[in-house]
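What follows is a set of notes on a single structure, which appears directly below.
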Amino acid sequence: MSTLTVQLGERSYPIHIGRGLLHRAGALLKERAVTSRSPLLIVSDEHTAKLYLATLENSLQESGYKTVSFVVKPGETSKSLAVFEQVITAAIKGGLDRHSAVIALGGGVVGDLAGFVAASFMRGVKFVQIPTTILAHDSSVGGKVGINHPLAKNMIGAFHQPELVLYDVDTLSTLPPREVSAGLAEMIKHGLIWDADFAHWCHDHAVDLLALDPAALEYGLKKGCSVKAEVVSRDERENDLRAILNLGHTIGHAIEAIAGYGEFLHGEAISIGMVGSALLGVKLGAAPSLVEETRDMLSSLRLPTSLPAHLDTDRLLEAMMHDKKFKEGSITFVVPRSIGYVEVVKDIPISDIRQVIEQLKE
Ligand code: NAD
Ligand code: MG
C-alpha cells in the first residue's frame with residue numbers, strides 16, 4: 001500500500017492506494033478516528049454494489065461499525081436533486097447523526113453525490129471516498145462535491161474534503177475497457193500539465209495500464225493524485241493555478257455538449273481536446289513535434305485523437321461560447337508549451353480556435 005497525504009492544513013487527509021484495501025476498510029477508518037458509535041451510510045451504484053458492497057459491509061461490521069446502504073442507478077442522472085433527497089431520506093431513516101460518516105463506493109458520480117450529502121446532511125458530516133474507477137482519482141482529490149441542475153452540470157455543490165480516500169486497485173479489474181482508457185486520459189493529463197517524466201511513464205507503461213496491472217495502477221494513480229493534490233493545495237478555492245487542470249476541457253466540454261448521448265465518454269472528449277490544445281500550442285510557438293508526441297501518447301492509451309467530421313465546427317464554437325471562459329470574440333485557454341508544461345493564455349481569438357478545430361478533423 002502507498003499513502004499520499006493531501007496537504008490542506010487542518011483538513012489534510014491520506015489517500016491509501018493498493019491491493020485488498022476493501023477488506024481492510026474497517027481498520028483504516030478506525031485509524032482516522034471515524035467513530036463506530038454512529039451509523040455509517042454507504043452510497044454505491046447498481047454496478048459497484050453488486051461487485052463490492054458486501055465485502056465493504058463485512059469489513060466495516062467486523063470492525064464494529066453499523067452500516068446503512070443506499071444504491072443508486074448507474075450514470076450521471078443520479079447526480080440529481082431527486083436522488084440527493086432520496087439519499088438524505090436514507091440517512092435520516094438509518095439514524096445517522098452529526099458524528100456519522102458517509103462513504104462513497106463507486107466512480108465520480110457516486111463520489112460527487114455522496115460527497116454533497118456529507119457536506120450538507122446536518123450541516124456537514126465526515127466523508128470517506130472509496131473510488132472504483134480510474135477517473136475517480138481526479139474526482140476524489142480536491143474536495144469538490146455536487147450534483148447537477150436540469151439546466152447545468154455541477155451547478156449545486158460545495159467544497160468538502162474527505163477524511164480519507166481508499167483506492168483498492170483490485171476493484172478496477174472489473175472496469176469496462178472504454179472506462180479504463182477514459183480514466184487514463186485524466187491520468188496522463190496530470191503528466192501533461194505538470195510532470196513530463198510522468199507523461200512519458202504513462203506512455204511507456206500503456207500496455208501495463210490497459211491490462212490493469214496492479215503495480216502500474218498503484219504507481220500511476222499515486223502520481224496522478226499527487227499532481228492534482230499539489231495543484232489543489234496551492235489553490236484550494238480555484239483562483240488561478242487550478243485552471244491548468246482544465247487542459248483539453250474547453251474543447252472537450254464542447255464535444256460532450258454537441259455529440260449524441262453516449263458517443264464520447266468524458267475522458268475521450270478531453271483526449272481530443274488535449275490534441276486541440278497541442279495544435280494551439282504549436283500555433284503560439286511550441287515545437288511542431290508537440291502535436292505528434294501528444295497524439296502518440298494518447299493513442300497508446302487507446303484514446304481518440306481526432307474529431308469525427310460530422311461534428312459541426314460552428315456548433316462546437318457556439319458550445320464554447322456558452323462557456324464562461326469566452327468573452328467578446330476571444331477565449332482563455334490552457335495552452336501546452338511542451339510536454340509537462342502549460343500556461344493559461346487569455347484573449348485567444350476565435351479564428352485560431354476555428355482553425356484548430358478544422359485541423360482536428362484531418
Ligand atoms: P461513473 O461514476 O459514472 O462510473 C462509470 C461507470 O463505471 C458507471 O457505469 C459505474 O457504475 C461503473 N463502474 C464504476 N466502478 C466500476 C468497477 N470497479 N467495475 C465495473 N464498473 C464500474 O463515472 P466516472 O467516470 O468515475 O466519474 C464521472 C463523474 O465524475 C462525472 O459526474 C464528473 O462530473 C465527476 N467528476 C468530478 C470531479 C470532482 O472534482 N469532483 C472531477 C472529475 C469528474
Ligand atoms: Mg475532467
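Atom set for the values below is all heavy atoms of this structure, side chains included, hydrogens, waters and symmetry mates excluded. Read the numbers this way: they start at 1 and go in the same order the structure lists the ligands and their atoms.
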Query raised in the report: Does anything in residues 89-103 pair up under salt bridge (Lys or Arg N to Asp or Glu O under 4.0 Å), and if so which pairs, sequence neighbours excluded?
Result: none
Report task. Indicate the ring-plane relationship of Y219 and W201, choosing parallel, tilted or perpendicular according to the 30° and 60° boundaries. Result -> tilted
Query raised in the report: Does the side chain of V102 come within less than 4.5 Å of L40's, by heavy atoms?
Result: no
Report task. Using distance alone, decide if ligand 1 has a nitrogen or oxygen within less than 3.5 Å of any nitrogen or oxygen in D138. Result -> no
Query raised in the report: Backbone or side chain, does any N or O of K153 fall under 3.5 Å from an N or O of ligand 1?
Result: yes
Requested in this report: Using heavy-atom distances, let me know which of G75, S139, S78, G115 sits nearest atom 38 (C) of ligand 1.
Outcome: S139
Query raised in the report: Among T171, T132, T174, D168, whose side chain to side chain donor-acceptor pair (under 3.5 Å) with Y52 holds?
Result: T174
**Report entry** Selection from V232, V110, V141, L175 by shortest heavy-atom distance to atom 22 (C) of ligand 1
**Finding:** L175
Query - Y65 six-ring centre to K30 NZ/CZ under 6.0 Å and within 45° of normal - result: yes
Query raised in the report: Is the closest heavy atom of K50 to ligand 1 under 4.0 Å?
Result: no
Report summary line: Counting only protein N/O/S atoms, those under 2.8 Å from the Mg ion (ligand 2) total 3
Report summary line: For atom 3 (O) of ligand 1, the closest protein heavy atom turns out to be V109 CG2, 3.3 Å
